[in-house]
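Below: the structure, in C-alpha cells.
All chains are named by letter (A, B, ...) in the order of the sequence lines, taking the proteins before the strands, and each is independently numbered beginning at 1. These figures come from a predicted structure and were not determined experimentally. We use all heavy atoms of the structure for the numbers below, so side chains are in, but hydrogens, waters and symmetry mates are not.
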Amino acid sequence: MIRLSSVSHQIDGAKILSNISANIPKGQVTALIGPNGAGKSTLLSLIARLQGLEQGSISIDDLDVVTTPSDELARKLAILTQSNSITARLRVRELVAFGRFPHHKGRPNHKDLERIEEAIEQFDLGDLADKFLDEVSGGQRQKAFVAMAYAQDTDYLLLDEPLNNLDMASARNLMRNLTELAAQTGKTIVIVLHEINYAALYANWIMVLKQGQLIANGPAKEILTPQIIADTFGIEVTIHEIDGKTLVMHYG
Amino acid sequence: MTLHRLGFIFLLYIAFSIAFLTLNARGNWDFVLSFRGTKLIGITMVAISISCATVLFQTISQNRILTPSIMGFDSLYILLQTMMVFFLGGFGFASLPQEIPFFLNFTIMMLASLALFGTLLGRSANQARQDLHRLLLTGIIFGVFFRSITSFIQRVIDPNDFVIAAASTFADFNTINTDLLLIASLMMIIALAALWHYRHELDVIALGKETATNLGIPYKTRLYTLLVIIALLISISTALVGPVAFFGLLVSNLAYQIIPSYHHAYLLPAASLIAASILIGGQVILEHLIGLSTPLSIVVECLGGLTFLLLIIRGTTR
C-alpha cells in the first residue's frame with residue numbers, strides 16, 4: 001500500500017499540493033484524475049522520489065521514500081514520467097533492457113535477458129526492438145518506455161499519462177495489458193489518465209485531485225458520480241451502465 | 001564490432017608510441033628511451049585525463065558540445081596561476097614545491113565546479129532544458145570574468161613575473177612537467193579506478209536525472225562525486241601541460257562516432273586511446289616527419305575548434 005500523509009509541495013512559492021493524506025490500495029489499478037495543473041504528476045514524482053519531499057511523509061509497504069536507499073526503492077517501484085526524453089541514441093531493446101538495471105547493476109544474467117524479451121513481447125515491440133528510438137513513432141516510443149518500466153518488475157508501477165501519443169487500439173491494448181498484469185501478478189498500478197472512460201473501464205480505485213487538493217479517493221464506482229465530476233472538471237455528465245461497465249457521457 | 005574497433009585504436013596507439021620512442025633516435029638508447037618514455041607517459045596521462053573528463057562532463061550534462069574547458073575550467077586555472085604569481089612573486093612561485101599549486105588548483109577547481117555545476121545540473125527534465133542554456137551562459141560569463149581578472153592582474157604585475165605567469169597559461173606538450181608525474185599518476189589511478197567502478201552507472205546517468213533516479217542511482221551524490229573526479233582529471237592535465245580548450249571535444253565526439261555503443265566501459269577507453277593516438281601521432285608527424293616547429297597544441301586546438309563549429313552548425317547538442 002502507498003500511504004500519503006499530509007503531503008504538501010510548493011514550486012517557486014506556488015502551492016502545487018496541499019495537505020494530501022490518502023492510501024492507495026495494493027494490487028489494484030488506481031487512476032489519478034483531475035484537470036490540468038491539479039498536481040497529479042507532482043504527486044507521482046514525489047511518490048517516486050524524483051522530487052524532494054518538502055512536507056509530510058510517503059511510504060510504500062512501510063518503506064519511507066525519503067530514507068530508503070534509492071536502489072532498494074528501484075526494485076519496489078518503477079515510474080514512467082511524461083517527459084521521458086532521452087538524449088542518448090538507443091535501440092528499443094537497449095532502452096527496455098535498462099529497466100533491469102536495479103536488479104543486475106550492469107551485469108545482466110539469463111533471467112534478466114528473458115525478462116527483457118518478455119517485456120518486448122508483452123508490449124508488441126518485437127519488430128521494432130532493433131530500431132533506434134529516433135526511428136520509431138511517438139506512440140511506439142511511448143510503448144517502449146512502458147515496456148522498460150514493466151521490465152523493472154516492481155510491485156508498484158506508476159505511469160504518468162502513458163496513453164500519450166497512442167492510437168485508439170494501442171491505448172485500449174495497453175490499458176488491457178496493465179489491468180491483466182495487476183490481476184495476474186498482484187502488482188499495484190497507479191495511472192494518471194485524462195480520458196475518464198479509461199478510468200471508468202479499467203481502474204478499480206480512483207483518486208481525484210483539483211488545484212492541489214484531494215477531492216475524492218475511493219472505489220471507482222463510488223467516485224464516478226456526476227456531482228464529483230462536475231465539481232472537478234466543471235462539466236455536466238451522465239453516468240450509464242452498459243453490459244455492467246460504467247460509461248461517462250458528456251454533451252456539447 | 002565495438003571490441004574490434006577498440007582493438008584497432010589500441011594498435012594505432014601502440015604503433016604511434018613505438019614510432020615516438022624510436023624514430024630518429026640516435027646516441028645512447030638508455031637516455032633516449034627514458035627521456036622519450038617519460039614524455040610518452042606524460043602525454044598519455046594528459047590524453048586520458050582530458051578525454052575522460054570531457055566524456056564524463058558530457059554524460060552528466062547530457063550534452064555533447066559541452067566540455068569542462070568551454071565551461072570556464074581553463075580560465076579558472078589561468079586565473080589561479082596568475083594570482084599565485086601575483087601574490088608570491090615570480091621567484092616565490094617558481095620556488096614553490098610543484099605539489100602545492102597542483103593541490104591548490106585541484107581544491108579550488110573542485111569547489112568551484114561543485115558550487116557552480118552541482119546546483120545547476122541534475123534538475124528535473126523540464127528544468128534541465130532551461131538549465132542547459134543557463135549552464136552554458138554561466139560558464140561563458142565566468143570564463144570571461146576569470147579572463148578579465150587575469151588580464152588585469154597581468155597588467156599590474158612586474159614584467160618579469162608576467163613572463164612566468166604567461167608561460168604557465170599555454171598548453172605545451174613538449175615540456176611536460178615531469179616533477180609532477182608521480183603524484184599526478186597516483187591521483188589519476190584513483191580517479192580512473194572510481195570511474196571504472198561507476199562505468200555501468202554512467203550509462204544510466206546518461207539517460208538523465210529522472211530515469212537514473214527511477215533506476216536506483218543516488219543521483220545527487222553521484223553527480224557530486226563525478227564533478228570531483230572531473231576537477232581532479234582537469235587539474236592533472238593542466239598541471240602537466242597547461243590548459244587545453246577544445247581537444248576534449250574533438251576526441252569525445254570521435255569516440256561517439258567510432259564506437260557504436262552507449263557503454264562507458266567502451267567509450268572511456270576509446271576516447272582515451274584516440275586522444276593519446278592523436279597527441280602522440282601528431283607529435284611524431286610534426287617533429288620527425290614534417291619537421292615543423294608548430295606546437296602540437298595549436299594543431300589539436302584548431303581541429304577541436306573546427307569540430308565545435310561543425311557540431312554547432314549541425315545542431316548536435318546531444
For [X] and [Y], does a side-chain donor sit closer than 3.5 Å to a side-chain acceptor?
X: B:Ser235; Y: B:Tyr77; value: no
X: B:Thr213; Y: B:Glu210; value: no
X: B:Gln58; Y: B:Tyr256; value: yes
X: A:His9; Y: A:Gln55; value: no
X: A:Asp160; Y: A:Ser41; value: yes

Enumerate by number any residue of [range] whose heavy atoms lie under 4.5 Å from heavy atoms of chain B; in the absence of such residues, state 'none'.
range: residues 145-152 of chain A; value: A:Met148, A:Gln152
range: residues 115-131 of chain A; value: none
range: residues 101-111 of chain A; value: A:Phe101, A:Pro102, A:Lys105, A:Gly106, A:Arg107

**OP:** Take A:Glu135 and A:Arg89 through the salt bridge (Lys or Arg N to Asp or Glu O under 4.0 Å) test and state the conclusion after the steps.
**Re:** CA-CA 10 Å; A:Glu135 292 170 350; A:Arg89 194 158 193 256; 3.6 Å; yes
**OP:** Taking the side chain as every heavy atom from C-beta outward, state whether A:Ile79 and A:Leu159 have any atom pair closer than 4.5 Å.
**Re:**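 No, their side chains stay 4.5 Å or more apart.
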**OP:** Answer whether the closest heavy-atom distance between the side chains of B:Cys52 and B:Leu192 falls below 4.5 Å.
**Re:**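 Yes, side chains in contact.
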Subject >> Ion pair A:Arg141/A:Asp134, N-O distance below 4.0 Å >> reply: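 No salt bridge links A:Arg141 with A:Asp134.
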Original post:
Which word best sums up how the rings of B:Tyr13 and B:Phe10 line up, parallel for under 30°, tilted for 30 to 60°, or perpendicular for over 60°?
Top reply: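 Tilted, since the angle between the ring planes falls between 30° and 60°.
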Subject >> Sequence neighbours excluded - salt bridge (Lys or Arg N to Asp or Glu O under 4.0 Å) pairs with any residue from residues 221-230 of chain B >> reply: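 Those involving residues 221-230 of chain B are B:Glu201-B:Arg222.
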Subject >> A:Gln10 backbone acceptor or donor facing A:Glu54 side chain under 3.5 Å >> reply: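 Present.
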**OP:** For the pair A:Ser8 (side chain) and A:Asn19 (backbone), establish whether a donor and an acceptor sit closer than 3.5 Å, ignoring hydrogens and angles.
**Re:**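 Between the backbone of A:Asn19 and the side chain of A:Ser8 there is a qualifying donor-acceptor contact (under 3.5 Å).
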**OP:** Among the options A:Leu73, A:Leu90, A:Thr154, pick out the one with the most heavy-atom pairs lying under 4.5 Å from chain B.
**Re:**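 That would be A:Leu90.
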